[in-house]
Amino acid sequence: HPTSGRPVAHAVDTNHKTPRGWDSLATSTPAEDAELKLAVFGIAEEDPLLSTLRSMGGEVFYESTPRQFLTLVRKRRFDLLIIGWELNNRLGLRVLGHCRAIGASPPALVVTSRQGESNIVRAFDSGADDCIVRPWRPLEVKARIRALLRYTHSHVAPDGEMIHGFEFRPAALLIKGHGIEVRLPPKEFQLALYFFRNMGKPVSRADLFENLWGNQSTPRTIDQHVVRLRKKLHQINQYGFEIQTLYRFGYIFKHTGNFK
């Protein structure tokens, strides 16, 4: 069983920096995925979900209190956060929000028993990159984790990329330029990079589904991410960059040339 601050699973390369071969996760054995590191909060130790996570290989780190979990994610680098948000535990989203506030950037999967679209939206608004509603299915959980990891690591430039005067640093999830630094959660960083790469081109929601979410999202989810991204890019917006909504289609990222 996972224990406080201690990993459960296979040995890993401590010099590991970037996850390798995420596409191979679909068919690989646990031993082949030994570099995977997951941080878990809000899931009961006897929950079968933990066995499912361990079966993917790598290391599963588990903490039962918010303070211990936040200390853990500050000190170590993780590939994915798994956050439980149950009917009898309201702490899950608060902990996730604190993780984002302290700069913890791994993608986050929220697991919840709460039904209804409004609860799913709350999870995404709190910084989740995906959400699973119980009862969950083991193969679906693994597939969603593979998708999160695949899209997180395959849709950013490996060593940084300069676009329109701004440098995108994927390792730090940082946009830098003109004396401005903006740090973003993984999905919002990917979204910002996608908009910058497609400056001046209409981008449909279907494009975003396919390229950033792997068709595992809803229009409401995409719109919520864009709303959050607009707010976080307010410093960049003053240089004339603007995300405009295209009615019933999607968005267009434009440089109006108007310094605000």
Side-chain angles (χ1 to χ4, degrees), residues 17-19 22 39 70 73-74 77-83 93-110 121-131 147-199 203 205 207-209 211-214 216-217 220-245 250-255:
K17 295 181 180 179
T18 303
W22 293 117
L70 292 172
V73 298
R74 280 194 190 101
R77 179 190 178 280
F78 290 99
D79 299 305
L80 184 67
L81 308 179
I82 310 289
I83 306 292
L93 296 192
R94 292 175 58 188
V95 168
L96 178 55
H98 283 301
C99 286
R100 296 309 190 210
I102 65 174
S105 60
L109 173 65
V110 168
V121 170
R122 283 184 63 191
F124 282 111
D125 285 346
S126 298
D129 294 280
D130 198 2
C131 185
L148 280 174
L149 298 174
R150 183 168 61 246
Y151 283 97
T152 297
H153 293 283
S154 66
H155 286 85
V156 295
D159 300 312
E161 183 174 346
M162 183 68 73
I163 312 176
H164 301 292
F166 290 92
E167 182 183 1
F168 285 75
R169 298 183 180 180
L173 296 174
L174 175 70
I175 304 174
K176 184 176 182 179
H178 302 285
I180 296 170
E181 291 190 0
V182 180
R183 295 186 185 274
L184 298 169
K187 190 62 69 178
E188 291 170 28
F189 181 87
Q190 294 168 25
L191 187 58
L193 181 57
Y194 192 84
F195 279 137
F196 265 82
R197 284 174 172 171
N198 292 277
M199 177 76 69
V203 175
R205 289 182 177 86
D207 292 333
L208 298 176
F209 273 134
N211 289 288
L212 299 184
W213 272 268
Q216 296 187 19
S217 186
R220 179 76 177 270
T221 298
I222 290 176
D223 292 342
Q224 291 289 334
H225 274 84
V226 172
V227 167
R228 292 200 301 271
L229 182 61
R230 278 190 178 122
K231 294 178 180 178
K232 294 175 181 178
L233 294 184
H234 69 278
Q235 290 177 295
I236 292 176
N237 294 344
Q238 68 180 324
Y239 288 90
F241 295 95
E242 183 179 2
I243 303 173
Q244 298 179 356
T245 300
Y251 303 93
I252 185 168
F253 187 56
K254 300 179 69 175
H255 184 217

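Here the side chains of Leu184 and Arg228 are not in contact, with every heavy-atom distance at 4.5 Å or above. Between Leu233 and Phe195 the shortest side-chain heavy-atom distance does not fall below 4.5 Å. Taking 4.5 Å as the limit, every side-chain heavy atom of Pro106 sits out of range of all side-chain heavy atoms of Leu80.
Here the CZ atom belonging to Arg169 is positioned 8.5 Å from the CE atom belonging to Met162, to the nearest 0.5 angstrom. Distance CG/Leu148 to CG/Leu109: 6.0 Å, rounded to 0.5 Å. If you take NE2 on His225 and CZ on Phe124, they are separated by 6.5 Å, rounding to the nearest 0.5 Å. To the nearest 0.5 Å, atoms CZ (Arg94) and SG (Cys99) are separated by 13.0 Å. Note: Arg197 CZ to Phe253 CZ = 13.5 Å, rounded to the nearest 0.5 Å. Once rounded to the nearest 0.5 Å, the distance linking CG of Leu173 with CZ of Arg183 reads 8.5 Å.
Remark: the Tyr251 side chain and the Asp207 side chain contain no N/O donor-acceptor pair separated by less than 3.5 Å.
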Inset, instruction - Dump the intermediate steps for side-chain contact (heavy atoms from CB on, under 4.5 Å) on Ile163 and Leu193, then the final yes or no. - result: CA-CA 9 Å; Ile163 312 176; Leu193 181 57; 3.6 Å; yes
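Taking the six-membered ring where the residue is Trp, Phe241 and His255 present parallel rings, their angle staying beneath 30° rather than reaching 60°.
Shown here for Ala108 and Leu96, the closest heavy-atom pair between the two residues is CB-CD1, 3.7 Å. Between Val182 and Gln235, the shortest heavy-atom distance links the atoms CG2-OE1, 4.0 Å. Scanning all heavy atoms of the two residues, the minimum distance from Val73 to Ala39 falls at CG1-CB, 4.3 Å. Nearest heavy-atom pair, Ile180 versus Ile236, reported as atom, atom and distance to 0.1 Å: CD1-N, 4.2 Å. Closest approach of Pro107 to Asp129, counting heavy atoms only: CA-OD2, 3.1 Å. Arg205 and Asp223 make their closest contact through NE-OD1, 3.0 Å (heavy atoms, listed as atom of the first residue, atom of the second, distance).
A salt bridge is absent between Lys254 and Glu242: the closest approach of a Lys/Arg side-chain nitrogen to an acidic carboxylate oxygen does not fall below 4.0 angstrom.
Counting non-hydrogen atoms of neighbouring residues, nucleotides and ligands closer than 6.0 angstrom, the CZ atom of Arg230 exceeds 12 such neighbours. By the 6.0 Å contact criterion, NZ on Lys232 is enclosed, its count of non-hydrogen atoms from other residues, nucleotides or ligands being greater than 12.
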